[in-house]
Amino acid sequence: MAMVRSTFAGFTTAQLALAASQRSIDAAGQNISNVNTEGYTRQRIDLASISPTGFSYAMMQNSILVGQGVQMTDIIQIRDPFLDVQYRNQLAKVGTIDAQNSTLTDIGGIFDEVDKTAVYAALNDVVKQLNTMANPDSSNQGSSDTLVRSAMETLLNVIHENAAALDGVYQDKLAKLEETDIATMNEIVKSIAALNESIKNTQILGGAALELQDQRNALIDELATYLPINVTYRDLNLGAGIVVDVMELSFTDTADPPNKHILINDGKTGFDGREETKEVTNADGSTSTQTITVETTPFEYEAPSEENGWRAGLKINCLDGVDITTTEVKDADGKIVYEDDGVTPKTETVRTPNGEVTQYTIIGMVDEVDATGVPTGQQVFRDDLGDGVLRGTYDSVNKSGSLDNPPTDFRGIGFYQKAYDSFVNTLANELNRINIEAKGKPLFTTLDDKYDYGTDPDTGEFVSNTVFTAGNIKISNEWMNGNISIKTVYDMEDEDTGNTNVLKMINAISTDTLEFQVRDKDGNVITGADGKPILAFKGNCFDAYNNLQTTQAIDQKATDSILETRTNVLNDIANSKDSVSGVWMDEEVMDLMQFSHSYNAAAQLMTTLDELLVTLLSMKR
Amino acid sequence: MAVMTRITTGMIQRNYQNNLTSTLGGLEATRKQVETGRRFEHSYEDPTASAKAAILEKRYSRVQDYISNAENAMSWQMTQEEAAMAVESYAETINKNYSIAAVNGTNAAPNIRATYATAIESLQESMVSALNAKYGETFVLAGNEGKEPPFALADGPTDADGNVMYKVLTYRGMPVDDMNGTEQAVDENGNPMFQADGTTPITKADLAAELLNEHSYIDLGFGMEFIKDANGDATDEIAPASAFDMALPGVKIIGYGTNGETVTINGQDVEVSNNLVNLAGQMAAILRDENYTKEEYTKCWNQFEQGYSDLMDSVSALGTKYNLLETTLDRLETEKLDIETQFDATVNIDPAEAIMNYSWADYAYNSALKVGTSIISPSLLDFVQGR
């Protein structure tokens, strides 16, 4: 005999069907409303069929059990986490090249003379005036000397302007790092941690927190443009069957081997402060150790200083804290292992992560350790940042390409500063040398009116002890006042109209091959690995200056093309993401129609059941 | 990339927007080309062309410098030539009017000789004025000391009574007759002068050689370079073929030193000069001499004729130099035009090409816009029948 089902059981089925259809229409409605929302992931109700329940041994073979309706198991987001990872990696790559390109554009605004008259034209004018002075009818005339000096003044003015502009670009980038990039990153970390708390709380209360997760993903994407990050989720069992998502956000650096640094763990971030022990001198002169909590932010910017070679630095306060304990080594049976002497037990250091905030230098000077971890007593400059806007900006302010020792892989602002200063220094020292060797006086001095020179004791040749930079050169006061002039010949007298010295100067500027050595901020020559000075250029002065324009042009053309390629790839990944998570209007409308019908059908079921019941109940009369 | 099974509204809009932006970018770029006539505004748009343009710009400046140098040199050269021709004309007067034949016969009478002598002496002064010609503020026949007049007349040898017989020429303070002398020179304190080794004496000819070897080169685009010594270092000398020499020590064209013969004037024996001015003076003094003989006059006269012929040669050599400047100037002007053409080809764009590019980009942009209105297409929503 077949089991008779519960009389009112059908109503539950109909009711569940109604609820499911209604909720599904709500979900479709939510998707349609958010079709234009940035970063929105489409939602879907998961429906599962309810199995029949209530088996008993008394059940006969021929009973037929029908399922008991539809159950809404969950509302989910349709999102492909693998695509998310791809997208964030590509964001970081685009960020690097974008930041580098922006620097190159700024530098181009200074050295690109394709459509403006600046240094190159002024230098041409100087040579023109020298050529006029070389003519015997102009030689040893006060007027021709004045003309040359005016041309030099114009040249130096433009040189100063360019130097100031270049320094401006440098300072702007540093300010951007400190006040914009790193400040923004810290804010994002704070927001993400706050969202983590909200999401967790919502999930504890039973909600899915899908919109909050979308918000969090958008923030993570924004952070991913700055540096490469990884996100992992793990389940946290809170007991009583409640499981919530806990998110961990970390950054893996490019050291060998790479280190993983945890930036956010659930609600804990680098804002939590770091404990430091300091030695304090008490009033009575005795020293004691004090543990204080230092306020920290997840990302710390370090301004360029002499200690780290005038490079900007980056420190992170991450949750990498470890407890270091020494324990005795035990073998497989649990017996203590002894050292060679058989008496002392072997000990090993165990590092247990405790999630406390520690500071780590990503870019900066650190103490060098050798392969076994023993400090060598030296300091080495570490740069372990991966891709991202930070990488691009730090490269711009720290690296000078082939003019670094050892050479680096990007020609940042430093390259142009060093090459430009080298151009000015070589040109001015050459001209000074030519005039001094003709028994004249120096034509250029530093801003404090000094020019120091002498003769090499071994070769008897002229040696200059003054280093000019684009910012500190000026025409000597004596020349400005007309007290000295260019010596047109050796030991020029009043009646001389020869011009050998002027011809030398002309050649020095436009044809002679000169070596443009590179100097650091203290004025010392930078030597390469072979001990020889690194040359910014070897050739004549015109070509040396033009080299700046050409280098910048080639670099910018390359970064432009790479940027375009990477942006296209990013767009493709975005399309793929959209294909999975985006809202497709036609699909949603079809869902609306579909669930609208199923709602009608469920209502129809309810009506039918109602009629059945009425029929049943009216059977007694 | 993942296979796409769904085309979402957001994707369509974003891609359309990206493509429209890039089409608009192309339109903007071609519009700038049409407006400015240049192919590129920044060097990164075409690094090779920018580098070439900079090189052309430098060459253009240099060629302009050479042109201005050449034009100046031509004026200077003209002044030198005119000065030489003036001297030549005075010498020609002497040559024509006071030759041996002219001082023959009845003209050998003392009063006529005295007239001739006075005439010759005044011509001597005229020659010196002509030799001190200036171009602007600089003396053109002074070698490398053009701020001071190079030539001056000083008192020459005296007779037994102490009267000056004739005036002699100095060039830059040095008597021109001494300029091929082999005696040892003395400095301003009267001490004999020696070479650097302290033993070899410096002769007057050595001192003169310094004055005669002065050069004043200017760059006319012949590849001016300094001569390199054995170590490859540059010396202070310019290679003569690599530049144009504007300096001309004036003595070279009018002769210097003595020729070894002697004449007797007023009982004094003096060496016959090679210099036209000095010879004129000597000839005038001989004419005034009471013991005038035709033989004495002839000695000087022959040398004068020789000197005059040399002067004529120098003048035509100066003319040749001027022609060189003219051809150089022509060549430089042609080169300047060449550079302008090359620069135009490197940097500028043909206006027809620019407008054509712009039209095409405009068409592409308008097409993209038209497509856009149908992209934001109706969805299923528009077709659902109302209830």
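In what follows, every chain begins at residue 1, and chains take the letters A, B, ... in the order their sequences are listed. If you're wondering where the values come from, they're calculated on a predicted model, not measured in any experiment.
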What part of [X] gets closer than 4.5 Å to chain B, counting heavy atoms only: side chain, backbone, both or neither?
X         : result
Glu113(A) : neither
Ala574(A) : both
Asn568(A) : neither
Met590(A) : both
Asp512(A) : neither
Val502(A) : neither
Asp125(A) : neither
Lys504(A) : both
Asn507(A) : side chain

Assess whether atom [atom1] of [X] is packed by more than 12 heavy atoms of other residues, nucleotides or ligands within 6.0 Å.
X        : atom1 : answer
Glu41(B) : CD    : yes
Gln17(B) : CD    : no
Glu35(B) : CD    : yes

Lys/Arg-Asp/Glu bridge criterion (N-O < 4.0 Å) met for Asp578(A), Arg14(B): yes
Testing the basics here: between [X] and [Y], what is the closest heavy-atom pair and its distance to 0.1 Å?
X         : Y         : result
Lys147(B) : Thr497(A) : NZ-CG2, 3.6 Å
Val114(A) : Phe40(B)  : CG2-CE1, 3.8 Å
Met11(B)  : Ser579(A) : CE-N, 3.6 Å
Lys557(A) : Glu45(B)  : NZ-O, 3.6 Å

Nearest-0.5 Å distance, [atom1] of residue [X] to [atom2] of residue [Y]:
X         : Y         : atom1 : atom2 : result
Tyr135(B) : Ser138(A) : OH    : OG    : 8.0 Å
Lys128(A) : Gln64(B)  : NZ    : CD    : 7.0 Å
Ser510(A) : Asp65(B)  : OG    : CG    : 9.0 Å
Ile218(B) : Asn499(A) : CD1   : CG    : 8.5 Å

Inter-chain contacts: residues 544-553 of chain A against chain B, heavy atoms under 4.5 Å: Asn546(A), Gln549(A), Thr550(A), Gln552(A), Ala553(A)
Which atoms of Tyr217(B) approach chain A - backbone, side chain, both or neither, heavy atom under 4.5 Å: both
Heavy-atom contact with chain A under 4.5 Å, split by part of Ser43(B): both
Residue-level interface, residues 47-63 of chain B with chain A, non-hydrogen cut-off under 4.5 Å: Pro47(B), Ser50(B), Ala51(B), Ala54(B), Ile55(B), Glu57(B), Lys58(B), Ser61(B), Arg62(B)
Any residue of residues 68-80 of chain B which, by heavy atoms, sits under 4.5 Å from chain A: Asn69(B), Asn72(B), Trp76(B)
Between [options], the one whose heavy-atom pairs under 4.5 Å with chain B are most numerous:
options                                    : result
Phe542(A), Tyr120(A), Tyr490(A)            : Tyr120(A)
Met593(A), Glu587(A), Lys577(A)            : Glu587(A)
Val35(A), Leu503(A), Thr500(A)             : Leu503(A)
Thr567(A), Leu123(A), Val580(A), Val127(A) : Val127(A)

Option in Gly10(B), Ser216(B), Gly143(B) with maximal non-hydrogen atom pairs under 4.5 Å from chain A: Ser216(B)
Side chains of [X] and [Y], heavy atoms from C-beta outward: is any pair under 4.5 Å?
X         : Y         : result
Asn18(B)  : Asn571(A) : yes
Thr8(B)   : Val583(A) : no
Glu493(A) : Glu148(B) : no

Polar side chain donor-acceptor pair, Asp496(A) to Asn144(B), under 3.5 angstrom: no
Met246(B)/Asn135(A) under side chain to side chain contact (heavy atoms under 4.5 Å, CB included): CA gap, chis, key distance, verdict: CA-CA 8 Å; Met246(B) 279 168 78; Asn135(A) 280 299; 3.9 Å; yes
Residues Asp560(A), Tyr44(B); criterion side chain to side chain contact (heavy atoms under 4.5 Å, CB included); working and verdict: CA-CA 9 Å; Asp560(A) 260 359; Tyr44(B) 69 83; 3.3 Å; yes
Qualifying ring pair (Phe, Tyr, Trp, His ring centres under 6.0 Å) pairs, either residue in residues 218-245 of chain B, two or more places apart: none
